[in-house]
Amino acid sequence: MTLDEHAEELASDLGVDKEEVKEDLANLVNYSVPMDEAKQSLRRKYGDGSEGGTTPSSKDIAEISASDSNVTVTARVLTVGQRSIQYQGDEQVIFEGELADETGTISYTAWEDFGLAAGDTITAGNAGVREWDGRPELNLGESTSIERSDDPLDVPYEIGGDAELATLAPGDRGINVEVQVLEVEEKTIDGRNGETDILSGVFGDESTRLPFTDWDPHAEIEVGASIRIEDVFVREFRGAPSINVSEFSTVTPLDRTVSATENAQRMPIREAVDSGGLFDVELTGNIIEVRDGSGLIERCPECGRVVQNGQCRSHGTVDAVDDLRTKAILDDGSGTATVVLDDELTADVYGGDLADATEHARDAMDKEVVAERIADRIVGLEYVVRGSLSVDEYGANLDATSFEASDDDPAERARTLLAEVEP
Ligand SMILES: [Zn+2]
């Protein structure tokens, strides 16, 4: 084998540039190092894990799988979030976020303070791999070594956690938002350290509105304020993303006004359902069916659950109270969602209040007449529905805040659309 062939074999084994290996190899051979020994030495230099024993092999992020136990990764830090958790009975501060290389991104949790900052290029030696939600994640702990490089790794991803509200999803961490505070209220809850004051409310930006909880009340969070908040995390609350502000978040007033949108996000039903849940969305479709459990219903006075024959699943025989509700299936051709109308919206579509409905049912000696009249009035018609969408294994429910008959004439809409696309 020629030097060139040795270099070629080595370069392909190690996945590095052949010319570089050939130069190193030539140097060693020139110093009278036997070829086999020279190749061993270069394998160590270029980090082939098979020679190192306990050092795990270097991997591209896209190659890491949940079946790896430990890996070595060179990556750019995209985000760093700080959070306090209960771990084995103790309070522990952890750091979480995303790492990226040219091939992909991966979430990490650091159990020690490695002083990571967004933009850092690091090599994490011996990082643990665990599976979370079907995807591999990295655990950086006491057996992990972190080396920094001054040479920034070029990655095709946004560095830093700046994000618009509409792009956030449960699980996001180390995020920065610029929002206007639309609603805020103080609450006292039974926290893990006794009674705690928290803030809850609604933030808005140009893209959408989202609920929030501030677990360590910040004075800058007041109604009407435009603020930048660094280091928030996102959790699911009632089926939709919710922003969590913590003791580690920093809140800074902005010298501009964030114009919070008044409009809900509009999208096809399938896209909304695929998103997993939305706090404020507007869906347009046809009502194809009014479901059982609509019209005049009975609720448990203790827990508010709908009861059958005065029997609550939690409270046994109860003195049930009457209520109005509608559950109707909305279909736009791309998908379906169950629209849930409360007593007021149900009274609107029924054309009468609870007293009217009970009288109607008594006269007919049948409760179902109420649901039947609602179905007569809405099935087959197109509606624009705004509300909060939650999605679980039983389906998608849109808790409506408004339910309006679409006044769009389909022919008119087609003309408008044509006018827009024609030059
Ligand atoms: Zn009950």
Side-chain angles (χ1 to χ4, degrees), residues 170 183 185-192 194-198 200-202 211-213 215 235-242 273 276-281 287 289-330 336-375 378 385-403:
E183 296 168 27
E185 66 174 315
E186 283 176 46
K187 282 184 184 167
T188 304
I189 57 155
D190 268 329
R192 56 191 183 213
E195 284 202 340
T196 318
D197 290 331
I198 62 166
S200 75
V202 178
F212 76 88
T213 302
W215 301 98
R235 268 196 206 151
E236 187 181 302
F237 178 67
R238 291 183 185 150
S242 172
V273 171
L278 294 160
F279 174 66
D280 187 17
V281 68
I287 295 295
E289 186 188 331
V290 168
R291 296 179 54 177
D292 288 348
S294 294
L296 190 57
I297 55 156
E298 293 189 327
R299 290 188 189 278
C300 168
E302 304 262 344
C303 64
R305 277 205 194 91
V306 172
V307 300
Q308 305 285 351
N309 306 319
Q311 291 290 315
C312 174
R313 257 176 297 166
S314 303
H315 300 99
T317 306
V318 292
D319 200 3
V321 291
D322 287 333
D323 198 7
L324 288 176
R325 177 180 74 173
T326 304
K327 292 172 84 175
I329 300 176
L330 186 75
T336 61
T338 299
V339 171
V340 183
L341 306 182
D342 65 6
D343 54 344
E344 284 179 24
L345 290 172
T346 297
D348 288 347
V349 295
Y350 167 68
D353 62 12
L354 183 59
D356 298 323
T358 25
E359 196 185 326
H360 186 189
R362 205 182 307 126
D363 289 349
M365 287 188 291
D366 182 8
K367 280 192 166 185
E368 289 308 312
V369 293
V370 178
E372 282 162 12
R373 181 185 289 175
I374 293 168
I378 65 174
V385 195
R386 179 172 181 173
S388 189
L389 182 78
S390 62
V391 181
D392 62 23
E393 65 264 42
Y394 304 109
N397 282 307
L398 182 63
D399 264 315
T401 53
S402 87
F403 183 76

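In each ligand, atom 1 is the first atom listed, and ligand 1 is the first ligand listed.
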Around atom CG of D392, are there more than 12 heavy atoms from other residues, nucleotides or ligands closer than 6.0 Å? yes
Would you call D342 and R325 a salt bridge, using N to O less than 4.0 angstrom? no
Kindly give the heavy-atom pair with the smallest separation between F279 and A240, and that separation in Å. N-CB, 3.6 Å
Please tabulate, for the side chains in residues 360-370, all donor-acceptor contacts under 3.5 angstrom to protein atoms that are two or more places apart in sequence or on a different chain.
{"residue": "H360", "atom": "ND1", "partner": "Y350", "partner atom": "OH", "Å": "2.7"}
{"residue": "D366", "atom": "OD1", "partner": "E368", "partner atom": "N", "Å": "3.0"}
{"residue": "K367", "atom": "NZ", "partner": "E298", "partner atom": "OE2", "Å": "3.4"}

Compare every heavy atom of T317 with every heavy atom of Q311, then report the nearest pair and how far apart it is. NE2-OG1, 2.7 Å
Does CD belonging to E236 count more than 12 external heavy atoms closer than 6.0 Å? yes
If you leave out waters, which protein N, O or S atoms are less than 2.8 Å from the Zn ion (ligand 1)? C300 SG, C303 SG, C312 SG, H315 ND1
